[in-house]
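Report on the following structure.
Naming convention: chains lettered A, B, ... in sequence-line order (proteins, then strands); numbering from 1 in each chain.
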Amino acid sequence: MSNKLNNNELKAIGIKDEALLEVAGRLAKSLIKNKTYTKEALLAFYKELLKNPDSYTSNELFAELAEEVKSRASLFKKSQAIVQTFELRTNTLAYPIYGTEHISDDAKHQMNAAMQLPVAVAGALMPDAHSGYGLPIGGVLATEPNIIIPYAVGVDIACRMCLSVFDVNAIFLDQKTKLLKQHLLDHTYFGLDGENRDQLSDTIFDLPEWKSTAQIRQLRYKAEKQLGTSGTGNHFVEWGILDITEQTPELKLPKGKYLALLSHSGSRGFGANIATHYSKIAAEQTKLPREAQHLAWLDLNTEEGQEYWIGMNLAGDYASACHHQIHRRLAQAIGSKPVAMIENHHNFAWKETLADGREVMVHRKGATPAGKGVMGIIPGSMTQPGFVVRGKGDSSSICSASHGAGRLLSRSKALKTITRPELKQVLADKGVTLIGGDLDEAPMVYKDINQVMSYQNDLVEVLARFTPKIVRMADPDKRTKGWEG
DNA sequence: ATGTCC
């Protein structure tokens, strides 16, 4: 006879989400083991507690479960906060646009709307900008310091880059192409793959923030399963050649060509849930005219604002941990350790101080932090180089730079116009091996990165150039078309 | 970006 209640038995009486299952299961194990309750008696008791959690919040044994049930009930309750309606300013705050001739009018109109928000302080549009949801991708927006706009951070909170540099000659890439390709196949997981793989241990879940809100507790199990996985769309893990052109302490190595690993991904389902949940709450609390409705904000001086801030920052730490898992697995596979690691968020918000001394909240949605001396990575495409950069601290750009080349073609247009043979040809011409990847991520959907970089000479200094050689992305979307090799 | 339509 089992001495514990299994998840199916608990689910049958209505204990469904992961955080509740954990608490109820743990409690059951000890109470049944020490014979305080029989299984049947405890199930009956749980049913009663679910109906009436308030009656058990001061019960020594069951307070934790009762509180958890109560917090679950209030999670999606409509916020009691005051609904406030705002008008846009009639004047649009001026902002610089880098590479304006290659940026769509859509993206500019979206940025204009952001610069009419009553909470806007400053902004800038990066040379890879294109239209997004709310703030354009490539948009930088500084607001009053107590304001946070979920859609100016983006749905993939802490989408970020991570580069590992190995003290291994780049010749290794040609000599061991097959082996390196196999390592990517064995040690990277995209989309929903790999949720049941063996995990490396990680201290990320020791953070107390995982216990901070009901939503975060509820998402923890999913986050554990997805730790160290990549997403879909433009996410990738790739081996390539890092050509160090400036000797600098940050890159540790002398000028030359080295093996390097570059990854692009974010906070997976965890961050997406935080983002959509608080975007809804922001839209309920902050009513704005139609052209700015997706720029609704939360005030950090409210409970909801504080919760988003905690969730966003935890998503940042989680996304970073995901990259580190990927890099650890692949470093182990090649039997080496990186001598340097460069990384940066490009969908995030930070409390910063402008050059004139004003305290602000800087939202970067598809923009690389480029404060003075701050290291970052600006990827190009599968067939164009990415760049290791050091920020110059340029104040007009709000210490920011582009987060890549930027899209030239929308996903839908790319899927209609680019063919599989065209993609194969361009990869063959450039000597790039691709595992997975759909036509809407083909290199020709992106702007010319060299041109994009030419617009940001005042914003960043290039220290090294990364050329992708073996790329892994999510498999093509099976609903649109198959991948036949 | 997201178990991409609850």
Side-chain angles (χ1 to χ4, degrees), chain A residues 11 16-18 75-78 110 128-139 149-162 188-197 215-216 218-237 263-283 294 308 311-312 314-316 318-323 326 344-349 363-367 379 403-404 406-407 410-412 414-415 436-441 445-446 473-481:
Chain A
K11 281 176 185 168
K16 287 183 176 143
D17 79 60
E18 301 299 342
L75 180 54
F76 294 103
K77 218 180 263 176
K78 200 168 162 56
Q110 287 182 321
D128 60 339
H130 52 99
S131 78
Y133 196 82
L135 197 71
I137 320 296
I149 303 176
Y151 273 128
V153 170
V155 177
D156 190 6
I157 297 172
C159 189
R160 71 201 309 277
M161 304 302 305
C162 183
T188 68
Y189 306 92
F190 286 77
L192 300 177
D193 288 343
E195 289 195 354
N196 298 312
R197 77 203 180 285
Q215 189 201 17
I216 288 171
Q218 190 177 336
L219 290 168
R220 178 185 172 134
Y221 181 75
K222 181 204 284 282
E224 286 180 359
K225 283 199 301 182
Q226 294 186 332
L227 181 68
T229 65
S230 309
T232 56
N234 58 7
H235 289 176
F236 61 77
V237 181
S263 55
H264 175 224
S265 51
S267 54
R268 312 291 286 105
F270 177 67
N273 272 276
I274 301 278
T276 52
H277 181 67
Y278 288 97
S279 294
K280 270 183 213 154
I281 291 173
H294 301 309
Y308 176 78
M312 182 198 76
L314 186 57
Y318 174 73
S320 176
C322 285
H323 281 262
I326 294 166
N344 65 271
H345 295 327
H346 54 219
N347 283 7
F348 213 66
H363 303 71
R364 294 188 182 85
K365 183 183 187 182
H403 82 311
R407 271 190 175 273
S410 69
R411 289 189 181 278
S412 54
L415 290 170
D438 209 344
L439 294 173
D440 56 355
E441 286 299 328
V445 312
Y446 289 101
M473 302 187 84
D475 286 335
D477 189 335
K478 292 176 186 68
R479 291 169 310 172
T480 49
K481 55 205 74 206

Subject >> Between P of B:dA1 and OH of A:Y151, the distance in whole Å >> reply: 14 Å
Original post:
Between B:dG3, B:dA1, B:dT2, which nucleotide has the shortest distance from any of its atoms to the side chain of A:T232?
Top reply: B:dT2
**OP:** Measure from CG on A:N234 to C1' on B:dT2 and round the result to the nearest Å.
**Re:** 13 Å
**OP:** Would you indicate, yes or no, if B:dT2 has its OP1 or OP2 atom less than 4.0 angstrom from a side-chain nitrogen or oxygen of A:Q226?
**Re:** no
Original post:
Over how many whole Å does the gap from A:N347 atom CG to B:dT2 atom C1' extend?
Top reply: 14 Å
**OP:** Hey, can you tell me if A:Y151 and A:Y133 have their rings parallel, tilted or perpendicular (30° and 60° cut-offs)?
**Re:** perpendicular
**OP:** Answer with base, sugar-phosphate or nothing: what part of the nucleic acid does A:N273 contact at a heavy-atom distance below 4.0 Å?
**Re:** nothing
**OP:** Give a yes or no on whether the backbone of A:G366 and the side-chain of A:H403 come within a donor-acceptor separation of less than 3.5 Å.
**Re:** yes
**OP:** Using a heavy-atom cut-off of under 4.0 Å over every strand shown, decide if A:G231 touches base, sugar-phosphate, or nothing.
**Re:** sugar-phosphate
**OP:** Give the nucleotide from the list B:dA1, B:dG3, B:dT2 with an atom nearest to the side chain of A:K225.
**Re:** B:dG3
Subject >> Between P of B:dA1 and CZ of A:F270, the distance in whole Å >> reply: 19 Å
Original post:
Between B:dT2 atom P and A:Y318 atom OH, what is the distance in whole Å?
Top reply: 11 Å
Original post:
Just how far, in rounded Å, is C1' of B:dT2 from OH of A:Y278?
Top reply: 17 Å
Subject >> All pairs passing salt bridge (Lys or Arg N to Asp or Glu O under 4.0 Å) where residues 150-161 of chain A contributes a residue, at least two apart >> reply: A:R160-A:E343
Original post:
Among B:dG3, B:dA1, B:dT2, which is the nearest nucleotide to the side chain of A:R268?
Top reply: B:dT2
Quiz: residues 265-272 of chain A side-chain donor-acceptor pairs under 3.5 angstrom, not counting sequence neighbours:
unit_1: A:S265; atom_1: OG; unit_2: A:H323; atom_2: NE2; d: 3.2
unit_1: A:S267; atom_1: OG; unit_2: A:I157; atom_2: O; d: 2.6
unit_1: A:R268; atom_1: NE; unit_2: A:T229; atom_2: OG1; d: 2.9
unit_1: A:R268; atom_1: NE; unit_2: A:S230; atom_2: O; d: 3.2
unit_1: A:R268; atom_1: NH2; unit_2: A:G191; atom_2: O; d: 2.5
unit_1: A:R268; atom_1: NH2; unit_2: A:S230; atom_2: O; d: 3.2

**OP:** Could you state the atom-to-atom distance from CG of A:L219 to P of B:dA1 in whole Å?
**Re:** 19 Å
Original post:
If you look at every heavy atom in A:A319 and A:A158, which pair is closest and at what distance?
Top reply: CB-O, 3.4 Å
Subject >> Gap between atoms CD1 and C1', on A:I157 and B:dA1 respectively (whole Å) >> reply: 10 Å
Subject >> A:R411, nearest nucleotide to its side chain (from B:dT2, B:dA1, B:dG3) >> reply: B:dA1
